[in-house]
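Along the sequence shown, residues carry numbers from 1.
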Amino acid sequence: MPETSPSDWRRFTGANLSQRALKAAAARKTEIRHAIRVSAAAGAAYALATLLRLPQGYWAVFTAVIVVQASLGATITASIERFLGTVVGALAGAVAAYLHTRWPEFGGLILCVTVALLAFLVSMRPSLKAAPVTAVIMLIGTTTHMDPLIAAGLRVAEITVGSLVGVAATLLIFPARAHASVVASIQKIAGLQAHILESHVLALRGTPGPTDYLKAQDDLRAALAKLQTAVTEADRESASRLSDRSVSEALPRTLWRLRNDTVMVSRALRDAPPDAIAPAVADMLEASNQFLRASADFLAGGPKPDRIAFAAAHQRFQTCFEGLRDKGITRDLEFDGAARVFGLAFAIENLFANLGDFEERVEEAVAQKD
């Protein structure tokens, strides 16, 4: 066997490290692109502020760094909030600065009252959270020697430059659309719900897994909240005419209803159902799991889900349940047992109806995209 020379070993080790680095970079592609966007926005804001000779151009750089977000819709939202907060804070700061020039001995009181009023406003309109900071900077910053209106105008100009640069960077450098975040969130939510249904299927068939249903529902609620934020950002993009892709508000509402259905199914299955219906319940939940995943994949460009097969599975479940009643098995159950059985049937019927509604909302979104 030939010996490996030190130079060969170094080349092999270097190639191996390079492959690992490339894999690590590919896994963090989104984060790397965001870092490049923020860096480019900061450099462009600095160059533009220097070109325009803004006295406090670093505020343009700060703004560009702050407003650049993971998607265009989020960046637009952050830019608008930053701009409006700055305008309100600059106007309030200009008034306070004028009062300070008239009564300098009450400077501390004027500062405190101004901040209190703006903080009260922010408590009602959180989107104006930049207002108190802007007012304070105008009162105690390096522009106190300027005319209050000029200082206010310069501050708004600096923030405007940073906001516009931030939006441009997000739009032009590795464009990230909120619609992609919406699709990713929907797929994640569908996956979480499908996992819950799949766990019930395994338990009904005698091979339960270590699923923590409380944690699964917590994760589901967090994902649904994130989806709502992504939908709002996508709507912002659509309203700004920088994107024509969005989804109906009905789609998140349908996912919330599906989440409630999985909760009802989980509660009804805390105790095992009668043996006569357990296989049909497992088959129906498995069909629901598959239909849910297929609908989410359809939104991301996959094949259309098979509604006929899903409807056939539902029909088989109904036939089995009707046979349960015809054989009088439910009459032999105690009150709590009968309540769980009928509650399970009710939950599955709701799940079937809401899955059909979910697939229709997905079809609408796909048709709009095309």
Side-chain angles (χ1 to χ4, degrees), residues 182-183 185-201 203-204 213 216-217 220-221 223-225 227-228 231 247-270 273-274 276-300 302-326 330 338-368:
V182 171
V183 173
S185 294
I186 290 173
Q187 287 189 296
K188 180 179 180 179
I189 292 166
L192 290 171
Q193 293 187 350
H195 176 70
I196 293 172
L197 296 176
E198 187 177 16
S199 299
H200 288 309
V201 171
L204 288 166
Y213 291 107
Q217 291 295 343
L220 195 50
R221 282 195 297 270
L224 284 163
L227 170 62
Q228 192 59 58
V231 170
V247 298
S248 168
E249 285 288 339
L251 209 159
R253 289 197 297 268
T254 302
L255 286 170
W256 271 107
R257 291 199 301 271
L258 286 173
R259 180 258 169 189
N260 294 336
D261 294 337
T262 60
V263 171
M264 292 174 62
V265 169
S266 297
R267 288 175 178 172
L269 289 176
R270 281 182 296 186
I277 198 176
V281 171
D283 291 344
M284 182 61 197
L285 293 181
E286 183 177 27
S288 300
N289 162 35
Q290 294 173 353
F291 189 77
L292 178 56
R293 291 184 186 274
S295 298
D297 291 341
F298 180 46
L299 183 62
K304 190 174 181 179
D306 190 347
R307 290 185 67 103
I308 296 177
F310 185 47
H314 176 246
Q315 182 61 48
R316 289 193 294 271
F317 168 77
Q318 285 186 321
T319 301
C320 180
F321 191 80
E322 289 172 359
L324 191 70
R325 291 187 299 180
D326 293 340
T330 54
R340 282 195 298 272
V341 169
F342 285 104
L344 176 60
F346 178 76
I348 289 177
E349 289 298 318
N350 276 352
L351 179 64
F352 174 74
N354 286 324
L355 279 172
D357 185 53
F358 174 63
E359 195 272 339
E360 290 176 2
R361 302 290 79 76
V362 168
E363 280 195 34
E364 291 175 358
V366 171
Q368 183 185 26

- Task: Kindly compute the distance separating CG (Asn354) from CG (Leu292), expressed to the nearest 0.5 Å.
- Result: 11.0 Å
- Validation row: Thr262, Gln217 side chains within 4.5 angstrom (heavy atoms): yes
- Using atom types as modelled and distance alone, determine if a side-chain donor or acceptor of Gln193 lies under 3.5 Å from a backbone N or O of Asp261. no
- Rounded to the nearest 0.5 Å, the OG1 atom of Thr319 sits from the CZ atom of Phe317 at a distance of 10.5 Å
- Query: Looking at Arg361 and Asp357, does any basic side-chain N land under 4.0 Å from a carboxylate oxygen?
  - Reply: yes
- Item | Leu355: which of Thr254, Asn350, Asn289, Leu258 passes side-chain contact (heavy atoms from CB on, under 4.5 Å) | Leu258
- Task: Search all heavy atoms of Pro305 against all heavy atoms of Phe291 and return the closest pair with its distance.
- Result: CB-CE1, 3.7 Å
- Over 12 non-hydrogen atoms of neighbours within 6.0 angstrom of CZ in Arg267: no
- Task: Could you grab the distance from atom CD of Gln318 to atom CD of Glu349, nearest 0.5 Å is fine?
- Result: 4.5 Å
- Query: With a 4.5 Å limit on heavy-atom distance, are the side chains of Phe358 and Leu255 in contact?
  - Reply: yes
- Please walk me through it: do Glu198 and Arg293 pass salt bridge (Lys or Arg N to Asp or Glu O under 4.0 Å)? CA-CA 11 Å; Glu198 187 177 16; Arg293 291 184 186 274; 3.6 Å; yes
- Note on the structure: Rounded to the nearest 0.5 Å, the CD atom of Glu359 sits from the CG atom of Leu299 at a distance of 11.0 Å
- So do the side chains of Val362 and Ile186 get within less than 4.5 Å of each other, counting heavy atoms only? no
- Query: Going from CD1 on Ile277 to CE on Met284, what distance comes out if it is rounded to the nearest 0.5 angstrom?
  - Reply: 11.5 Å
- Would you say the side chain of Leu285 lies within less than 4.5 Å of the side chain of Leu351, judging by non-hydrogen atoms? yes
- Aromatic ring pairing Phe310/Phe352, orientation class (parallel under 30°, perpendicular over 60°, tilted between): tilted
- Item | Contact summary for Ala190 and Ala296, nearest pair of heavy atoms | CB-CB, 3.6 Å
- Query: For Ala347 and Met264, which heavy atoms make the closest approach, and how far apart are they?
  - Reply: CB-CB, 3.7 Å
- Atom CG of Leu197 and atom CD of Glu286: how far apart are they, to the nearest 0.5 Å? 11.0 Å
